[in-house]
Amino acid sequence: MDGGLKLAAVSDPDDAIGALRGTLPSSLPPLRWRLPLGPPPRPSISSSMASLSSPEALQPELWPPLPIPSPIDKDSPAEFPEETSAGDLYLNFKLARGSDPPIGASPSRRHPIAYNQMMKAFGHAGEVDQVLRLLREMKDSDLTPNVFCYNTAINSLVSADRRVEAEELFEEMKSSGVRPNVASYNILVKMYSCYSFQFDKACSVIDDMVINRLRPDSTTYSTLITGLCRVGRIDEALDFVAIMWEENCPPSVQTFTAIVHGFCLQGNLDDARRFMEFMDSKQCPPNVVTYNVFVEALCKVGRFDQVEKVLEESKLKGWKPNVVTYNTYMNGLCKWGKARDAFGLLKVMLENGLCPTVVTLNILLECLCQESNFLEVKYLLERSYELKWDIGVVGYNTVMSRLSDVGRWWDVLKLFVDMVKKGINPNTRTFNIFIHCLCKAGNLCLAKHLFYKGGFVADVVTYNTLIHWFYLERNEKEVQALRLKMVAEGVSPNIITYSILIKGLCRGRKFSEATNLFLGSFEMTDWEVVELLNLLEGMGRQGFTFDAFVFNGIIRALCRKGSCQSGDLLCLTIDKILTFR
DNA sequence: GTAGGGTTAG
């Protein structure tokens with residue numbers, strides 16, 4: 001931790017944490033690419049096409065006789081009057097989904113609270129531009145946005161990963177005379193800790209809080225801990241747990257769940273389980289969210305026997321599986337090709353009084369798509385409107401993505417039109433699929449036009465897609481323009497970006513020079529640096545040679561981000577460089 | 001009565 005936050009080393013107030021720490025992994029992610037923990041590969045495209053060309057190949061047994069859920073009554077288990085087909089099942093689904101406000105709507109009551117409620121609803125629906133429109137509308141009239149309104153708007157920008165705008169709006173709030181409160185700062189901490197993994201900046205925010213006489217609270221620390229755990233820096237996360245105790249701000253189940261999640265992300269299920277036992281011993285037992293995290297990790301490695309055991313023991317352990325638990329379980333089964341078992345879980349959910357949500361349906365849709373069971377999918381899509389089955393943008397994206405994978409561009413276009421006709425707003429991912437589709441179909445020109453004129457906010461995937469295809473065309477001018485726009489828009493590159501750029505530069509035989517240039521353009525997170533080193537290591541094994549340009553570039557990038565002061569990452573890099581030679 | 005932290009789908 002190299003940020004400005006000045007925290008004296010605290011003696012660990014809890015021996016158990018200290019004892020546990022001794023067995024924990026080091027704070028940096030493992031040096032080598034981790035072995036994929038995921039499921040076996042998807043079915044091949046050729047088998048997909050085969051199933052499409054012969055309807056007999058459809059497997060109706062994928063839709064086992066399923067019960068009709070009775071109207072939702074959360075207090076009593078659903079009844080199963082009779083067996084029915086999949087279509088009838090969906091007819092009876094009541095999706096737990098509130099309606100979103102229509103685009104362009106304004107609150108009828110001209111009051112900050114009314115505005116804030118609508119802004120929050122738009123933010124929840126991912127309509128950040130609508131949130132900003134309402135904020136401007138307030139400012140343009142005689143209503144002054146208060147700290148709640150600003151917090152809502154900044155938070156929605158952060159959730160959409162529009163970090164530059166979030167920072168600007170925070171400054172605008174201050175210059176408008178609205179004093180940020182603890183929640184405002186916590187939103188910024190979340191941005192730096194959980195979205196860009198710039199922990200030094202997150203700590204600077206906490207410094208600012210203190211300077212402004214605001215005391216970091218449990219949310220502040222939990223947010224910081226969440227980010228650290230997401231990049232595998234569990235040891236440092238535990239340091240902050242110790243600080244929380246020291247500061248009389250005891251960690252909560254949220255704090256601990258973030259740590260369990262950290263272990264799970266590393267595939268370290270033993271420590272995850274031990275940490276859950278530790279939670280029990282601290283009278284802060286794991287709750288349903290903690291168990292959901294654990295169930296997900298078990299699913300990823302295909303330990304469904306263990307999942308069953310965890311569910312069986314739930315009553316004994318004092319927690320109740322919820323919809324997320326079952327969705328997670330179903331998703332795991334689908335990913336491991338156990339479609340039948342996943343569909344079978346619908347019945348179990350209903351028996352337990354849980355109603356499937358739009359997420360459940362999207363998981364099952366994805367399941368069908370993975371099996372390229374497009375006839376079944378098509379049937380559901382065509383009838384979804386009359387069935388009142390709210391498939392939503394995620395469902396459409398799922399199907400469009402898979403259709404794009406198998407080269408059915410025309411069907412992607414038809415679905416796009418279909419969703420727009422139904423009033424479903426395409427999102428960034430929809431555009432990404434569309435752009436990817438255009439690129440694969442050889443119409444890079446139209447893809448570019450859509451990117452610059454399409455009126456949507458591009459994310460890192462959009463940039464990656466276009467950079468990849470322009471590189472294949474050896475169009476360095478467009479690549480350069482995209483890189484500059486990416487920086488200007490505050491879109492952070494991810495490991496895929498680095499990978500594409502390095503591959504592209506190698507193809508252009510300008511490896512050393514261009515990599516150096518490239519490394520100088522971006523600010524990298526610790527995780528990205530480590531992954532980049534792994535990438536270089538892999539390339540080294542394949543016979544690529546590196547020179548001082550490359551290593552200078554990495555070290556300069558590290559120093560730019562301030563890592564030279566902390567030393568750990570720098571030492572790691574230098575160690576790595578020595579192994580390359 | 002309004003804002004911020006842990007989990008699921010594309």
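Note that these values count all heavy atoms, side chains included, but never hydrogens, waters or copies made by symmetry. If you're wondering where the values come from, they're calculated on a predicted model, not measured in any experiment. Residue numbers begin at 1 in each chain, while the letters A, B, ... track the order of the sequences.
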Kindly point out which of [options] is positioned nearest to the side chain of [X]?
X	options	value
A:Asn116	B:dG5, B:dG10, B:dT2	B:dT2
A:Val393	B:dG5, B:dT2, B:dG10	B:dG10
A:Thr290	B:dG5, B:dG6, B:dA9	B:dG6
A:Asn151	B:dG5, B:dA3, B:dG6	B:dA3
A:Thr398	B:dA9, B:dG10, B:dG6	B:dG10
A:Phe148	B:dT8, B:dA3, B:dT7	B:dA3
A:Asn397	B:dG6, B:dA9, B:dG10	B:dG10
A:Asn292	B:dT7, B:dG10, B:dG6	B:dT7
A:Asn362	B:dA9, B:dG10, B:dG5	B:dA9
A:Asn287	B:dA3, B:dG6, B:dT7	B:dG6

So, OP1 or OP2 of [N]: does either fall under 4.0 Å of a side-chain N or O from [X]?
X	N	answer
A:Lys335	B:dG10	yes
A:Lys120	B:dT2	no
A:Arg230	B:dG6	yes

Which residue in the set A:Lys414, A:Lys421, A:Lys422 passes salt bridge (Lys or Arg N to Asp or Glu O under 4.0 Å) when paired with A:Asp418?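 So the option named by the test is A:Lys422.
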Return the value, rounded to whole Å, for the distance between atom [atom1] of [X] and atom [atom2] of [N].
X	N	atom1	atom2	value
A:Met330	B:dT7	CE	C1'	17 Å
A:His111	B:dT2	NE2	C1'	9 Å
A:Phe343	B:dA9	CZ	C1'	13 Å
A:Phe122	B:dA3	CZ	P	16 Å
A:Met279	B:dT7	CE	C1'	12 Å
A:Tyr329	B:dT8	OH	P	18 Å
A:His261	B:dT8	NE2	P	5 Å
A:Asn331	B:dT7	CG	C1'	12 Å

Give [X] one of three labels, base, sugar-phosphate or nothing, depending on what nucleic acid heavy atoms sit under 4.0 Å from its own.
X	value
A:Asp217	base
A:Val253	base
A:Val295	nothing
A:Asn427	base
A:Thr255	base
A:Ser184	nothing

Under-4.0 Å salt bridge between [X] and [Y]:
X	Y	value
A:Asp305	A:Arg303	yes
A:Arg162	A:Glu165	yes
A:Lys174	A:Glu171	yes

As a quick check of understanding, evaluate salt bridge (charged side-chain N to carboxylate O under 4.0 Å, His left out) for A:Glu351 and A:Lys347, giving each step before the final call. CA-CA 6 Å; A:Glu351 277 169 353; A:Lys347 189 168 189 295; 3.0 Å; yes
Are the aromatic rings of A:Phe451 and A:Tyr463 close, with centres under 6.0 Å apart?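 Yes: the rings meet the under 6.0 Å criterion.
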Is the base of [N] touched by the side chain of [X] through a donor-acceptor pair closer than 3.5 angstrom?
X	N	answer
A:Asn181	B:dA3	yes
A:Ser252	B:dG5	yes
A:Thr257	B:dG6	yes
A:Ser222	B:dG6	no
A:Thr223	B:dG5	no

A:Lys320 versus A:Asn352, side-chain donor and acceptor atoms under 3.5 Å: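 Note: A:Asn352 and A:Lys320 side chains miss the donor-acceptor criterion.
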